[in-house]
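Structure first, then comments.
Residue indices begin at 1 and follow the sequence shown. Values below: every heavy atom of this structure, side chains too, minus hydrogens, waters and symmetry copies. Fair warning: this is a prediction, and the values are worked out from it, not measured in the lab.
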Amino acid sequence: MSTFTLADLEGIVAARAAADPSESWTAKLVAAGQQRAAKKLGEEAVETVIAAIEGNKTDLTSETADLLYHLMVVLKIGGVPLQDVMGELERRTGQSGLAEKASRKS
């Protein structure tokens, strides 16, 4: 089992975001801005869904890794620390998913 965490990935994304865009895909994506990064995240989400529907575990694993990486880039650009997301997930575990959805504003 891997000891690599999303917090590790967040740190790597932060370090690479500060690199020269000619030498780092992360830096290049960050330099292109949130619209480009979010579009790439959407593309990866679609590819992950396709892999899930097709039932290909290898592709699903690979596409999910791409999805999580691009999500971390979008969070970095948006100034949202992973800890904030984890806190929100933790908050939501105090109630059922159905109750949580019902409490959202339309």
Side-chain angles (χ1 to χ4, degrees):
M1 183 171 157
S2 175
T3 60
F4 189 78
T5 68
L6 287 177
D8 294 334
L9 180 58
E10 179 182 42
I12 291 167
V13 166
R16 291 183 181 170
D20 183 331
S22 69
E23 297 178 6
S24 166
W25 167 249
T26 302
K28 186 174 183 174
L29 194 54
V30 169
Q34 189 67 295
Q35 185 173 356
R36 174 70 179 121
K39 180 181 176 191
K40 190 66 180 154
L41 175 64
E43 291 169 6
E44 297 302 340
V46 170
E47 291 171 3
T48 302
V49 169
I50 291 167
I53 290 169
E54 291 177 349
N56 184 319
K57 289 183 180 183
T58 300
D59 287 351
L60 181 56
T61 300
S62 178
E63 295 302 341
T64 300
D66 290 346
L67 178 63
L68 289 173
Y69 161 76
H70 286 90
L71 175 59
M72 298 308 293
V73 172
V74 166
L75 290 174
K76 170 69 177 159
I77 295 169
V80 176
L82 177 61
Q83 190 57 44
D84 289 1
V85 176
M86 299 309 291
E88 177 63 13
L89 287 170
E90 182 179 25
R91 183 192 69 75
R92 291 180 184 188
T93 63
Q95 60 185 325
S96 78
L98 295 176
E100 191 277 327
K101 285 187 179 289
S103 71
R104 294 183 191 175
K105 294 178 181 168
S106 301

* Asked: Considering residues at least two apart in sequence or located in another chain, which fulfil the side-chain hydrogen bond (donor to acceptor under 3.5 Å, both in side chains) criterion with N56?
  -> D59

* Asked: How would you list, by chain and number, every residue that makes a side-chain hydrogen bond (donor to acceptor under 3.5 Å, both in side chains) with T26, sequence neighbours excluded?
  -> Y69

* Structure fact -> For G79 and P81 the tightest heavy-atom approach is O-CD, 3.4 Å

* Heavy-atom closest pair, residues L29 and V73 -> CD2-CG1, 3.8 Å

Let me check something: any side-chain donor-acceptor pairs from residues 2-9 under 3.5 Å, sequence neighbours excluded? List them with distances.
unit_1	atom_1	unit_2	atom_2	d
S2	OG	F4	N	3.0
T5	OG1	A7	N	3.3
T5	OG1	D8	N	3.0
T5	OG1	D8	OD2	3.3
D8	OD2	T5	N	2.9

What's the separation between atom [atom1] in [X] and atom [atom2] in [Y], rounded to the nearest 0.5 Å?
| X | Y | atom1 | atom2 | value |
| --- | --- | --- | --- | --- |
| E90 | T93 | CD | OG1 | 6.0 Å |
| E43 | L41 | CD | CG | 9.5 Å |
| T61 | D66 | OG1 | CG | 11.0 Å |

* Asked: Is there a path of hydrophobic side-chain contacts, each under 4.5 Å between heavy atoms of I, L, V, M, F, W or Y residues, that connects L71 with V80?
  -> yes

* Asked: Hey, any chance I53 and L60 share a hydrophobic cluster, counting ILVMFWY side chains that come within less than 4.5 Å of each other, even indirectly?
  -> no

Mind listing the side-chain donor-acceptor pairs of residues 30-40 below 3.5 Å, one per line with the distance, residues two or more places apart or on another chain?
unit_1	atom_1	unit_2	atom_2	d
Q34	NE2	V74	O	3.1
K40	NZ	E44	OE2	3.4

* Flag, side chain of E63 to backbone of A51, donor-acceptor distance under 3.5 Å -> no

* Asked: Is there side-chain contact between L68 and T64, with at least one heavy-atom pair below 4.5 Å?
  -> yes

* Any side-chain heavy-atom pair of E47 and S62 under 4.5 Å -> no

* Asked: With clusters built from Ile, Leu, Val, Met, Phe, Trp and Tyr whose side-chain heavy atoms come within less than 4.5 Å, directly or transitively, what are the remaining members of the cluster of V46, listed by chain and number?
  -> I50

Determine all donor-acceptor pairs shorter than 3.5 Å in which one atom belongs to a side chain in residues 15-22; sequence neighbours excluded.
unit_1	atom_1	unit_2	atom_2	d
D20	OD1	S22	N	2.8
D20	OD1	S22	OG	2.9
D20	OD2	S22	OG	3.4

